[in-house]
Structure formats: C-alpha cells, structure tokens
Amino acid sequence: MEGLLVLVAASVGEIIFDVVGLLIVFGWIGWRVYLVIKRRQVSTLLTQEEFQAGMRKAQIIDVREKKDFDSGHILGARSVPYSTFSQRYKEIRDDLPVYLYDEGKALSTRAALRLARNGYKQIFILTDGYGHWEGKTKASKY
C-alpha cells in the first residue's frame, strides 16, 4: 500500500511539473503573439530596400548597446540603446519618421511600443535587423 501511495504521489508531482511547464510555454507563446500584434498596430516593417529608400528623410536609431554600435552601425544612424531608451527617447523628434533597428527586431519592437505610447506616429522597423544588413556601414575608430 505504501508503495502505491509513493507511486501516486510521484505521478501527481510529475503531472504538476508538466502542467506548470505547459503553462510557461503557452504563456511565452501568448506573449510573442501579443508583441507581433502590437508591433503591427504601431509600426511598419521595412525590407532593406525600403529602409534604404527612406533613410534620407528619417531618423535612423540603433537601439543596440553602445559597444555594438561602435563595432559597426548603419551609416547615418544614432545610438539610443534600449537600456537607456526610457530616459532618452525624447531626443528623437516626433515630427519625422523614425527608423529603428537592432540585431533582429526584438528590441526595436519594444522601442516602437514605447514611442507609440508617447505619441510618435511614423515608426518603422528594419525587418532583418543589422545582422543581415548589406548597405553602407561605419565602425568607430576606437
């Protein structure tokens, strides 16, 4: 009888562990879907060609960390790292288009959401991020 109770207790523990794991996975998937929906509501994804075509009329903002920016960035971009974005977003003009990029588009999405909450309307994100950028770049000399 004791062996059966131990087996049942172990099974219940495994079931609870599995349920918690599934809740975490579904929560993560739900969060990702929510971010995609919100990103589509507040910004437009641009291909490299579209990004390059509009660069001259926009503010290009690199939201990667400063060391990444210094190691190489899109020519004409300004560094406003996401880690300081909540304090520095006001440096970005709200009357001009804002072109955001990072390595992919995760940080750019978060930055776009913050800008939209603060009244910015013309927000664009580089689809493939800097990791796949084939246009002109610049690296810091130091």
Side-chain angles (χ1 to χ4, degrees), residues 3-142:
L4 181 61
L5 288 176
V6 170
L7 181 60
V8 169
S11 295
V12 170
E14 290 173 5
I15 291 171
I16 291 171
F17 183 78
D18 290 345
V19 168
V20 169
L22 285 173
L23 288 174
I24 291 170
V25 168
F26 286 130
W28 180 83
I29 291 170
W31 176 247
R32 299 295 298 172
V33 168
Y34 168 79
L35 285 179
V36 168
I37 291 168
K38 292 302 286 180
R39 179 178 63 221
R40 287 183 179 169
Q41 290 174 348
V42 303
S43 66
T44 303
L45 293 178
L46 298 178
T47 64
Q48 283 194 40
E49 294 78 22
E50 293 167 330
F51 198 91
Q52 286 178 330
M55 283 174 54
R56 295 179 196 264
K57 297 178 183 174
Q59 306 166 87
I60 306 167
I61 308 297
D62 185 331
V63 295
R64 300 175 302 154
E65 290 303 314
K66 182 79 168 112
K67 65 180 175 48
D68 297 324
F69 178 84
D70 289 342
S71 68
H73 58 273
I74 295 174
L75 188 64
R78 271 191 302 168
S79 176
V80 182
Y82 185 74
S83 61
T84 64
F85 205 81
S86 61
Q87 295 87 29
R88 295 187 55 199
Y89 77 89
K90 293 175 186 167
E91 298 171 17
I92 302 168
R93 292 176 53 176
D94 62 359
D95 61 331
L96 292 174
V98 179
Y99 280 27
L100 299 168
Y101 75 91
D102 62 292
E103 277 306 315
K105 57 184 173 262
L107 293 178
S108 297
T109 296
R110 292 186 201 166
L113 293 174
R114 179 170 300 280
L115 289 174
R117 277 195 305 269
N118 287 285
Y120 291 74
K121 302 288 183 213
Q122 302 177 69
I123 306 168
F124 302 88
I125 298 173
L126 179 61
T127 300
D128 296 330
Y130 184 74
H132 297 287
W133 181 253
E134 296 175 359
K136 293 182 180 180
T137 61
K138 181 178 181 181
S140 176
K141 294 180 181 179
Y142 307 103

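In this structure, CD1 on I60 lies 8.0 Å from CG on L75, to the nearest 0.5 angstrom. For the atom pair K105 NZ and I125 CD1, the distance stands at 8.5 Å (nearest 0.5 Å). The CD1 atom of I61 sits 9.0 Å away from atom CZ of R88, with the distance rounded to the nearest 0.5 Å. The distance from atom CG of D62 to atom CG of D68, rounded to the nearest 0.5 Å, is 8.0 Å. Going from atom NZ of K90 over to atom CG of L115 covers 12.5 Å, rounded to the nearest 0.5 Å.
Counting heavy atoms of neighbouring residues, nucleotides and ligands inside a 6.0 Å radius, atom CD of E134 does not exceed 12 of them. The number of heavy atoms from other shown groups lying within 6.0 Å of CZ (R56) does not exceed 12. Heavy-atom neighbours of R32 CZ from other residues, nucleotides or ligands within 6.0 Å: at or below the threshold of 12.
Across all their heavy atoms, A116 and I123 have their closest contact at N-CD1, 3.7 Å. Closest non-hydrogen pair, A112 versus V42, comes out as O-CG2, 4.1 Å. Between Q87 and S83, the shortest heavy-atom distance links the atoms OE1-O, 4.2 Å. Scanning both residues, L107 and V63, for their nearest heavy atoms gives CB-CG2, 3.8 Å. Contact record, F124 with P97: CE1-CB, 4.0 Å, taken as the closest heavy-atom pair. The heavy-atom pair separating R78 from E91 by the smallest distance is NH1-O, 3.4 Å.
Two residues are said to be in side-chain contact when any heavy atoms from C-beta on lie closer than 4.5 Å; Y89 and V80 fail this criterion. Side-chain contact between L45 and R39: present, with at least one pair of heavy atoms (C-beta onward) separated by less than 4.5 Å. When side chains are defined from C-beta on, L126 does not count as touching Y99, because their heavy atoms never get closer than 4.5 Å. Contact annotation: the side chain of R117 approaches that of L113 to within less than 4.5 Å [non-hydrogen atoms, C-beta and beyond]. Between L96 and Q122, every side-chain heavy-atom pair lies at or beyond the 4.5 Å cut-off.
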I'd like to know whether I74 forms a side chain to side chain contact (heavy atoms under 4.5 Å, CB included) with M55, so could you lay out the CA-CA distance, the side-chain angles of the two residues, the decisive distance to 0.1 Å, and finally the verdict.
CA-CA 10 Å; I74 295 174; M55 283 174 54; 3.8 Å; yes

Between Y120 and R114, is the side chain to side chain contact (heavy atoms under 4.5 Å, CB included) condition met? List the steps.
CA-CA 9 Å; Y120 291 74; R114 179 170 300 280; over 6 Å; no

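Inspection of the Y82 and D102 side chains reveals no N or O donor paired with an N or O acceptor under 3.5 Å.
Distance alone, capped at 3.5 Å, is enough to place a donor-acceptor pair between the Q48 side chain and the H132 backbone.
Annotation: cation-pi geometry satisfied between R64 and Y130 (NZ/CZ under 6.0 angstrom from ring centroid, within 45° of ring axis).
In this structure, the ring of W133 has its center less than 6.0 angstrom from the ring center of F51.
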